[in-house]
Undergrad: 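Dropping a structure here in structure tokens format, bear with me for questions.
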Amino acid sequence: MRTYARIYEGAVAEIFSTDGDMAEMFHPDLVWADITDVTPEPVYGWTAVEVEGVWSFAEPVVPAPTDAELRINAIAQRDALLAAANEKTAGMADAYIAGLLDADDTAMFKTYAAYKLDLNKIDTQAGYPATITWPPLPA
């Protein structure tokens, strides 16, 4: 059994194993490279280059996220953490203002208030958005 990679636009588009004759099985316009003995075996998406009849393969290089993408991801994570914190303290703000919370609830409310404040200040950290020190979730 031989294993082949179909190459399309310089990348592995398909992996196929067969004992059959590829030339008889597929249209001649399709480009197939025998990868039976290639180590590591390329997978879908790897780049493929042919030089003088010899194929070489490489994992695709994933570009580093842009500053804008890092900011979008950071804000999305911050907003999710804020939403979870807001659920924990739902209705407590009015009760706190009115003095209706007991000592344990007051302590929890203040801890979450400080946590939410820290979440809203992540963009002031040195290294933001590439490096973020997320505040610890209140216990």
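The figures that follow rest on heavy atoms only: side chains count, while hydrogens, waters and symmetry mates do not.
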Undergrad: For Tyr96 and Thr106, work out which heavy atoms get closest and say how close.
TA: CE1-CG2, 3.7 Å

Undergrad: Kindly say whether Thr3 contributes a backbone atom to a donor-acceptor pair with the side chain of Thr36 at under 3.5 angstrom?
TA: yes

Undergrad: Please check this pair: side chain of Thr89 against backbone of Met92, looking for a donor-acceptor N/O pair closer than 3.5 Å.
TA: no

Undergrad: Between Leu101 and Tyr115, is there a shared hydrophobic cluster once you connect ILVMFWY residues whose side-chain heavy atoms come closer than 4.5 Å?
TA: yes

Undergrad: Has Phe109 got more than 12 heavy atoms of other residues, nucleotides or ligands less than 6.0 Å from its CZ?
TA: yes

Undergrad: For a quick test of reading the model, state the closest non-hydrogen atom pair linking Glu69 to Ala64 and the distance between them.
TA: OE1-O, 4.5 Å

Undergrad: Any non-hydrogen side-chain atom of Asp37 less than 4.5 Å from a side-chain atom of Arg2?
TA: yes

Undergrad: Any side-chain heavy atom of Ile122 within less than 4.5 Å of one from Tyr128?
TA: yes

Undergrad: Quick check: do Lys116 and Asn86 have side-chain heavy atoms less than 4.5 Å from each other?
TA: yes

Undergrad: Using the six-membered ring wherever Trp is involved, compare the ring planes of Trp32 and Tyr4 and label them parallel, tilted or perpendicular (cut-offs 30° and 60°).
TA: perpendicular

Undergrad: Using every non-hydrogen atom in the two residues, find where Trp134 and Ala74 come nearest and quote the distance to one decimal.
TA: CH2-O, 3.5 Å

Undergrad: Tell me, with the steps shown, if Ile15 and Ile35 meet side chain to side chain contact (heavy atoms under 4.5 Å, CB included).
TA: CA-CA 9 Å; Ile15 304 291; Ile35 60 169; 3.7 Å; yes

Undergrad: Can you name the nearest heavy-atom pair linking Pro42 to Val38, along with the distance?
TA: CD-CG1, 3.8 Å

Undergrad: Is any side-chain heavy atom of Arg78 closer than 4.5 Å to one of Ile75?
TA: yes

Undergrad: With no hydrogens and no angle check, is any side-chain donor or acceptor of Asp19 less than 3.5 Å from a backbone partner on Met1?
TA: yes

Undergrad: If you define the side chain from C-beta out and look only at heavy atoms, does anything of Thr47 sit under 4.5 Å from Val61?
TA: no

Undergrad: Do you know which two heavy atoms are closest between Pro138 and Thr111, and how far apart they sit?
TA: CB-CG2, 3.5 Å

Undergrad: Would you mind reporting whether Trp46 and Val43 have side-chain heavy atoms less than 4.5 Å apart?
TA: yes

Undergrad: Taking a hydrophobic cluster as the set of Ile, Leu, Val, Met, Phe, Trp and Tyr residues connected by side-chain heavy atoms closer than 4.5 Å, whether directly or through intermediates, do Leu119 and Tyr112 fall within one such cluster?
TA: yes

Undergrad: Going only through I, L, V, M, F, W and Y residues with side-chain contacts under 4.5 Å, is there a path from Leu70 to Leu81?
TA: no

Undergrad: How far does NZ of Lys88 sit from CG of Leu137, to the nearest 0.5 angstrom?
TA: 7.5 Å

Undergrad: Any idea which heavy atoms bring Thr124 and Lys121 closest together, and the distance?
TA: OG1-O, 2.6 Å

Undergrad: Is there a side-chain contact between Leu82 and Asn120 in this structure, where contact means two heavy atoms from C-beta onward sitting under 4.5 Å apart?
TA: yes

Undergrad: Just say parallel, tilted or perpendicular for the rings of Trp55 and Phe57, cut-offs at 30° and 60°.
TA: parallel

Undergrad: Could you tell me whether the side chain of Ile132 reaches within less than 4.5 Å of the side chain of Gln125, counting heavy atoms only?
TA: yes

